[in-house]
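Just below is one structure, and these are the notes that go with it.
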Amino acid sequence: MDMIKSIKGVKDILPEETPRWRLIEDAARRWSLCFGYQEIRIPIFELTALFARSIGAATDIVEKEMYTFPDRDGTSLTLRPEGTAGTVRAFIEHNRAANPLPQKYFYIGPMFRHERPQAGRLRQFHQFGVESFGTSDPRADVEVITLLWRLLSDLALPDLTLEMNSLGSSGDRAAYTPILLSFLSQREPQLCANCRRRMNTNPLRVLDCKVPECRAATEEAPQLTSHLSPEARLHFDHVLAGLTAVGVPYRLNPRLVRGLDYYCLTSFEITSTHLGAQNAVGAGGRYDGLVETLGGPSVPAVGFAVGLERVSLMLPETSSSFGNEYLYYVAAFGENGTRLGLVLLDELRRMGLSSLCDYRATTLKAHLRQADRSRCHYAILLGDDEAARGSIILRNLESKAQEELPLAGLSSLLKSRRPSL
RNA sequence: GUGGGUGUAGCUCAGUUGGUUAGAGCGCCGGAUUGUGGAUCCGGAGGUCGCGGGUUCGAAACCCGUCACUCACCCCA
């Protein structure tokens with residue numbers, strides 16, 4: 001019979017790796033709560049229309065990357081490709097805008113996109129993201145960017161760069177696009193085939209092309225940031241000034257374009273040179289119109305998302321080299337020792353003292369080998385000799401020091417030695 | 001969707017111009033040590049050589065196809 005294997009582009013996170021994932025997730029939760037963001041848990045599937053309407057029907061995500069399937073009654077459902085749409089939907093559905101604003105949420109969980117897997121890109125991947133609702137003040141932009149920067153810095157990720165841009169209002173972009181197009185059409189022969197196609201589909205993306213010839217050809221292209229409305233310009237200046245004030249370093253990147261339709265004004269991305277081609281660790285921006293687009297009140301919002309696989313790829317080994325550790329190994333052997341050991345093991349665990357035993361082992365030697373391998377700090381030796389004396393031998397597995405202790409009340413005694421646990 | 005690279009033991013990999021029974025290190029199990037772990041020594045288990053077809057007296061090796069993994073394009077976190 002053929003072995004059933006996992007689906008292309010999905011990964012098992014094995015016990016050896018879960019400690020590093022907990023480290024990342026714990027840091028994300030800690031920093032979020034510290035900044036006043038509260039956790040929200042939303043479904044991993046939604047009506048397809050939600051994503052089509054929010055992300056943009058013409059984007060790659062919606063056009064060809066969604067896991068979409070019919071429910072039994074025929075309605076089209078989709079595994080979430082990102083977290084903002086569902087968070088906004090929940091915000092509207094529960095009429096959260098009737099509660100005092102601002103409201104700040106964060107989420108952690110799996111997302112799904114049907115792409116060809118490569119380094120740092122999977123079909124099921126994990127994102128941590130935040131959404132700040134109700135504040136159009138640029139300090140809200142500064143806050144989410146600062147949260148992202150503090151988190152990634154805390155995790156000691158190497159060589160991070162924060163890139164900043166402003167996409168202006170939708171009106172600004174509408175006014176700018178023809179200006180850009182007239183420039184591009186002059187240079188069209190120098191552009192790559194992809195960019196000539198992009199001129200029709202998404203002209204802003206031409207500025208973001210990696211092909212050197214395209215970069216050279218667009219070197220002197222008119223920049224969106226020099227065609228911003230006064231309000232958008234002022235907002236952007238305040239965001240940049242705020243970042244400087246709190247000491248978050250950034251680099252202006254006028255070519256930075258976000259792929260999702262709902263972004264406006266502030267747009268940012270944090271990249272690292274340690275990631276291969278998919279070099280964005282986290283990215284986000286402002287999306288003031290999205291809540292209204294999805295049928296809610298007019299509520300400004302700003303947020304970001306972080307790719308946790310990419311964080312994990314960059315996480316220094318030193319900060320995650322610990323494995324799972326346990327306190328006690330109960331080496332119970334012999335007829336009476338085995339019987340008493342079963343009860344002792346349970347008593348230790350009820351005290352909250354992590355304890356292991358390999359029930360296959362019948363000799364002390366085999367027990368100690370298991371105790372060593374399983375990273376326990378102490379072994380509790382309980383054979384028939386000890387059983388007859390009503391005692392155990394507590395062995396420190398690092399120092400090899402042993403002491404004999406009474407079996408009665410042992411778990412309480414050991415607990416009192418480690419009150420912090 | 002398009003292109004490149006790689007598929008041999010649980011893991012990392014050798015395997016000569018095609019030649020007998022496919023190897024090593026690590027890991028695993030056991031013994032040396034019948035109540036004391038990690039070190040050492042000895043032994044053992046573990047393989048459809050990704051899969052299918054072809055060439056050949058003979059294929060892990062050569063050819064064709066296919067699948068998987070991987071990197072990159074596209075796009076994105």
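Each chain gets a letter, A, B and so on, in the order the sequences are listed, and its residues count up from 1.
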Interatomic distance where CE belongs to A:M111 and C1' belongs to B:C76 [whole Å]: 13 Å

No-hydrogen, no-angle side-chain donor-acceptor test under 3.5 Å, A:E46 and A:T78: no

Whichever of A:Q127 and A:H114 has its nearest RNA chain B nucleotide further upstream toward 5': A:H114

A:F304 to A:F128 - nearest heavy-atom pair and separation: CE1-CE2, 3.7 Å

Separation of the P atoms in B:A45 and B:U40, to the nearest angstrom: 22 Å

Qualifying residue for side-chain contact (heavy atoms from CB on, under 4.5 Å) with A:H235, from A:L228, A:T266, A:L240, A:D137: A:T266

Interatomic distance at P, B:G27 relative to B:C63, whole Å: 38 Å

Length of the CZ-P vector between A:F51 and B:C76, whole Å: 17 Å

Parallel, tilted or perpendicular: rings of A:H114 and A:Y67 (30°, 60°): tilted

Full working for ring-ring contact (aromatic ring centres under 6.0 Å, His included) between A:F91 and A:F133: CA-CA 9 Å; A:F91 180 83; A:F133 292 111; 4.2 Å; yes

Atom-pair distance (CD on A:E309; P on B:U70), nearest Å: 13 Å

Salt bridge flag under 4.0 Å for residues A:E131 and A:K104: no

Pairwise P distance, B:C13 and B:G54 [rounded to whole Å]: 33 Å

Shortest non-hydrogen contact from A:S169 toward A:A232: N-CB, 4.5 Å

Pairs touching residues 150-162 of chain A that satisfy salt bridge (Lys or Arg N to Asp or Glu O under 4.0 Å), sequence neighbours left out: A:R30-A:D154

Per-nucleotide protein contact string for nucleotides 29-43 of chain B, where B marks a base within reach and S marks sugar-phosphate only (heavy atoms under 4.0 Å, - for neither): SS--B-BBBB-----

Separation of the C1' atoms in B:U16 and B:U2, to the nearest angstrom: 38 Å

More than 12 heavy atoms from other groups under 6.0 Å of CD1 on A:I7: no

Carboxylate-amine/guanidinium contact A:R417 A:E403, below 4.0 Å: yes

Integer-rounded Å distance: B:C75 P and A:E269 CD: 13 Å

Length of the CG-C1' vector between A:L14 and B:G27, whole Å: 16 Å

Parallel, tilted or perpendicular, as decided by the 30° and 60° cut-offs, for the rings of A:Y287 and A:Y263: perpendicular

A:P222 backbone acceptor or donor facing A:Y176 side chain under 3.5 Å: yes

Atom-pair distance (NZ on A:K64; C1' on B:C73), nearest Å: 11 Å

Separation of B:A77 C1' from A:E163 CD (nearest whole Å): 14 Å

Residues from residues 115-125 of chain A lying under 4.0 Å of RNA chain B - heavy atoms: A:E115, A:R116, A:Q118, A:A119, A:G120, A:R121, A:L122, A:F125

Pairwise C1' distance for B:G43 and B:G7, with rounding to whole Å: 32 Å

Base-pairing string, 5' to 3', of RNA chain B - Watson-Crick or wobble, under 3.5 Å, | interstrand: (((((((..((((.....[...)))).(((((.......))))).....(((((..]....))))))))))))....

Between B:G37 and B:A77 - C1' atom distance, rounded Å: 46 Å

Comparing A:T59 and A:I7 on RNA chain B - which has the more 5′ nearest nucleotide: A:I7

Nearest-angstrom distance from the residue atom CZ of A:F268 to P of B:A77: 11 Å

Summary of protein contacts for nucleotides 44-49 of chain B, nucleotide by nucleotide, where a base hit scores B, a sugar-phosphate-only hit scores S (4.0 Å, heavy atoms): ------

Separation between the P atoms of B:U6 and B:A14, rounded to whole Å: 11 Å

Gap in Å between the two C1' atoms, one belonging to B:G5 and one to B:G44, rounded: 38 Å

A:E386 versus A:S391, side-chain donor and acceptor atoms under 3.5 Å: no

Residues A:R80, A:E82: salt bridge by 4.0 Å N-O rule: no

Partners passing salt bridge (charged side-chain N to carboxylate O under 4.0 Å, His left out) against A:E309 (at least two apart in sequence or in another chain): none

